[in-house]
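I have placed the structure first, in the form of structure tokens, so that the comments after it can refer back to it.
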Amino acid sequence: MSRDIVEPEEARIYGIGYRSWKRSFQPNSKRFLFLTWEEIKLIARPRWPLYVFISLRLIFFIFEVLGILNAPPSGIPFEQYIPFKQFYFSRLINSGSPMLGLTDVLLVFYAGSSVLSRDRLSGAYSLYFSRPLTRLEYLAVKFSAVAFYVLSFTWLPAIYIYLALGSAYDFKPVDYLKWEYLQYLVAVLGYGLLIILLLTSFVLLLSSYLKKGWYVGVILVALPIVSSIVYSILVPLEVQNPSIYVGPFASSIYILAWFLDIDKTVLVENFGLFDATLITSVSYVGSMSASIILALIAVFLGVLFVRIRSLEVV
Amino acid sequence: MSSAESRTDSLTSSDLSDHAGYSIVANHLTKIYQGNVIGLADLTVSLPFGSVGLLGPNGSGKSTFIKLLLGLIKPTEGDAWVLGKNIRTDSMAIRYDVGYVPENDSLQDNLNAVEVCKLFGIASGLSSSDAIQRAHEVLDYVGLDEARYRLVKTYSTGMKQRVKLAQALVHDPPLLLIDEPTNGLDPKGREDMIRLLIELRNAGKTLVVSSHILPDIEEICEYVMILHNGKLVTSDSLTHILNETSSRWIVNSSENKQFVNILEENEIPVLHWSSEQILVNLEQTDPQRIIALAAKNNIGLQRLVRPRKTLEQFFLAALNIEIGESYE
């Protein structure tokens with residue numbers, strides 16, 4: 001529907017005169033924080049996606065708590081029933097929340113798909129780059145805003161599952177901070193960070209090239225589909241360590257297992273992960289996959305930086 | 001340095017080390033785009049403080065010059081200084097002191113005017129609280145009241161131009177680079193924009209206004225620089241340009257034919273005459289002499305005026321010179 005645009009009365013100039021300003025500027029670090037916060041607010045502005053993601057997380061939360069409470073057969077204490085890290089791993093997999101799954105892909109797509117393309121197509125580059133803001137700072141602001149927004153959704157489930165598990169294991173408040181348990185939370189948060197950095201850098205790179213946000217969505221949806229097709233071809237061929245060849249979408253579960261020090265046999269016997277029989281070891285596949293992801297992040301960010309740095313705003 | 005010639009010469013090293021008298025200095029500044037398209041060709045010029053008009057037809061290099069000064073594009077050759085700072089080495093420092101009003105839309109549709117000004121205020125280094133306060137001040141100045149809370153996509157062209165001006169002013173820069181500020185505006189919008197710019201000039205800002213609308217430049221600027229095909233045609237003060245024909249006067253008398261003879265007998269050069277008027281050159285003569293001659297010869301003098309040359313005439317003449325045609 002076209003909208004009639006008229007010059008309204010409120011656009012009258014009252015001749016109040018120009019008022020100057022004392023001109024005091026913030027240091028770069030503060031400017032970076034202020035600007036990142038503004039960008040996060042812009043990403044979070046449309047309320048309905050926010051409500052959808054929060055609702056999804058709440059549903060997961062309810063199911064997880066119920067799952068945790070109903071897990072052990074009656075009369076058997078949790079600590080005898082299943083080791084903490086294994087239980088944590090199983091709940092994370094069940095919830096699907098911190099995995100490289102659909103929710104993360106949707107979140108990153110929503111938050112980052114048009115962050116750069118919008119500026120590029122609206123011509124806002126000329127306004128940003130005529131400010132005392134380096135191209136690297138501009139990218140860092142955009143990247144941090146998207147990553148922070150998505151991480152807030154990805155980390156929260158990992159934290160509340162940790163808290164719920166602690167409650168099931170009869171933790172005292174001080175137990176939550178014991179490195180014996182806390183290391184697993186740190187490992188899971190680190191895993192989440194790795195995955196989100198990968199997705200964010202990839203989506204921003206796409207956003208700097210593509211005209212429409214939904215093009216990014218098509219590529220994001222296509223990638224795991226293609227990955228799983230290739231994976232399903234490799235597994236019957238009994239190719240060793242197939243997930244490494246397919247990429248992050250298939251190998252992320254081994255990174256998490258490696259971070260939480262879950263054994264290969266446990267993966268096969270307790271989690272029915274039959275593909276794990278094809279891997280050399282969890283640590284090998286996990287470390288290789290993590291290295292590949294780090295390399296991909298570096299490549300994506302490098303290309304993105306070179307692209308933005310060499311951009312001429314004509 | 002008052003003549004166009006002296007400004008367009010190559011700058012010496014002492015000139016380059018001292019830019020105190022100029023807002024912008026360019027030395028052999030050249031920009032060649034991909035495909036060997038010349039954006040700016042060997043531009044050497046010094047622009048004073050105050051209000052400077054960049055004139056030229058579309059594609060003459062006005063926007064390229066502004067974007068080079070801001071570091072939005074990189075020069076192929078040459079150098080330039082903005083407020084004494086080098087565009088290659090002090091680009092960030094320059095941007096604290098410069099506000100930019102781009103020609104194209106540039107505004108994100110999903111923001112309102114306050115958010116635009118606040119966002120770019122923060123990007124300029126203002127704290128969040130300063131940015132919001134300053135956003136309201138500059139929006140008050142450009143005359144956006146309640147409309148400032150509406151999304152930019154609902155604005156008219158005139159309102160968008162004002163928001164662009166407001167965001168450029170948010171960090172109170174001493175120098176404003178303004179690209180085609182009245183493009184696409186209706187007469188009222190144009191009048192308002194010119195008024196705002198004149199007020200800024202009077203408040204002590206240095207304005208560099210690019211436009212191909214000559215009357216706008218004539219109203220706003222004290223100094224003009226004309227570009228054509230990426231080359232500098234001329235640069236001079238507007239007063240100097242407009243007074244260039246001060247020696248030409250128009251005389252209307254009751255007996256033009258007779259009066260022409262009298263003038264020629266008294267060695268006053270008559271450039272042109274008709275039954276309606278006489279055009280004389282009074283470079284060597286006082287206008288009072290015309291009045292005296294008319295009185296002495298009983299000729300009724302109806303009008304004696306010195307027509308002002310318009311900027312448009314100067315501009316067209318300057319471009320004709322550039323393309324090798326004669327200047328009449």
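Residue numbering restarts at 1 for every chain, and letters A, B, ... go by the order of the sequence lines. Just so it is clear, the values below take in all heavy atoms, side chains as well, and ignore hydrogens, waters and symmetry mates.
With values rounded to the nearest 0.5 angstrom, Trp21(A) atom CH2 is found 12.5 Å from Leu169(B) atom CG. The line from CG of Leu127(A) to CG of Leu119(B) is 9.0 Å long, rounded to the nearest 0.5 Å. Arg131(A) CZ to Met92(B) CE: the interatomic distance, rounded to the nearest 0.5 Å, is 12.5 Å. Taken from OG in Ser114(A) to CD in Gln108(B), the straight-line distance is 10.0 Å, to the nearest 0.5 Å.
The side-chain hydrogen bond (donor to acceptor under 3.5 Å, both in side chains) search around Ser113(A) returns none, not counting sequence neighbours.
Ranking Glu137(B), Lys164(B), Gln133(B) against chain A, the residue ahead of the rest is Glu137(B), based on heavy-atom pairs under 4.5 Å.
Identified by a heavy-atom distance below 4.5 Å to chain B, the contributing residues of residues 24-39 of chain A are Ser24(A), Phe25(A), Gln26(A), Asn28(A), Arg31(A), Phe34(A), Leu35(A), Glu38(A), Glu39(A), in residue-number order.
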Under the salt bridge (Lys or Arg N to Asp or Glu O under 4.0 Å) criterion, do Arg118(A) and Asp109(B) qualify, and how do the steps go? CA-CA 9 Å; Arg118(A) 193 175 50 223; Asp109(B) 282 348; over 6 Å; no
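A salt bridge does not link Arg19(A) to Asp140(B): none of the charged nitrogens lies less than 4.0 Å from a carboxylate oxygen.
Looking at Ile94(B), neither its backbone nor its side chain comes within 4.5 Å of chain A, counting heavy atoms on both sides. Using a 4.5 Å cut-off between heavy atoms, Asp179(B) does not touch chain A at all. Looking at Leu42(A), the atoms closer than 4.5 Å to chain B (heavy atoms on both sides) all sit in the side chain, from C-beta outward. For Ala168(B), the part sitting under 4.5 Å from any heavy atom of chain A is the backbone (N, CA, C, O) and nothing else. Looking at Arg135(A), the atoms closer than 4.5 Å to chain B (heavy atoms on both sides) all sit in the side chain, from C-beta outward. Both the backbone and the side chain of Asn110(B) come within contact range of chain A, judged by heavy atoms closer than 4.5 Å. Both the backbone and the side chain of Leu111(B) come within less than 4.5 Å of a heavy atom of chain A.
With hydrogens and angles left out, the side-chain atoms of Tyr18(A) and Asp172(B) include a donor and acceptor closer than 3.5 Å.
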Cut-off 3.5 Å, no hydrogens considered: what does the side-chain donor-acceptor table look like for residues 70-77 of chain B, sequence neighbours left out?
| unit_1 | atom_1 | unit_2 | atom_2 | d |
| --- | --- | --- | --- | --- |
| Thr76(B) | OG1 | Ile32(B) | N | 2.8 |

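Pairs passing the side chain to side chain donor-acceptor pair (under 3.5 Å) check and including a residue from residues 192-208 of chain A, sequence neighbours excluded, read Ser208(A)-Arg307(A).
Closest approach of Tyr100(B) to Ser126(A), counting heavy atoms only: CD2-O, 3.9 Å.
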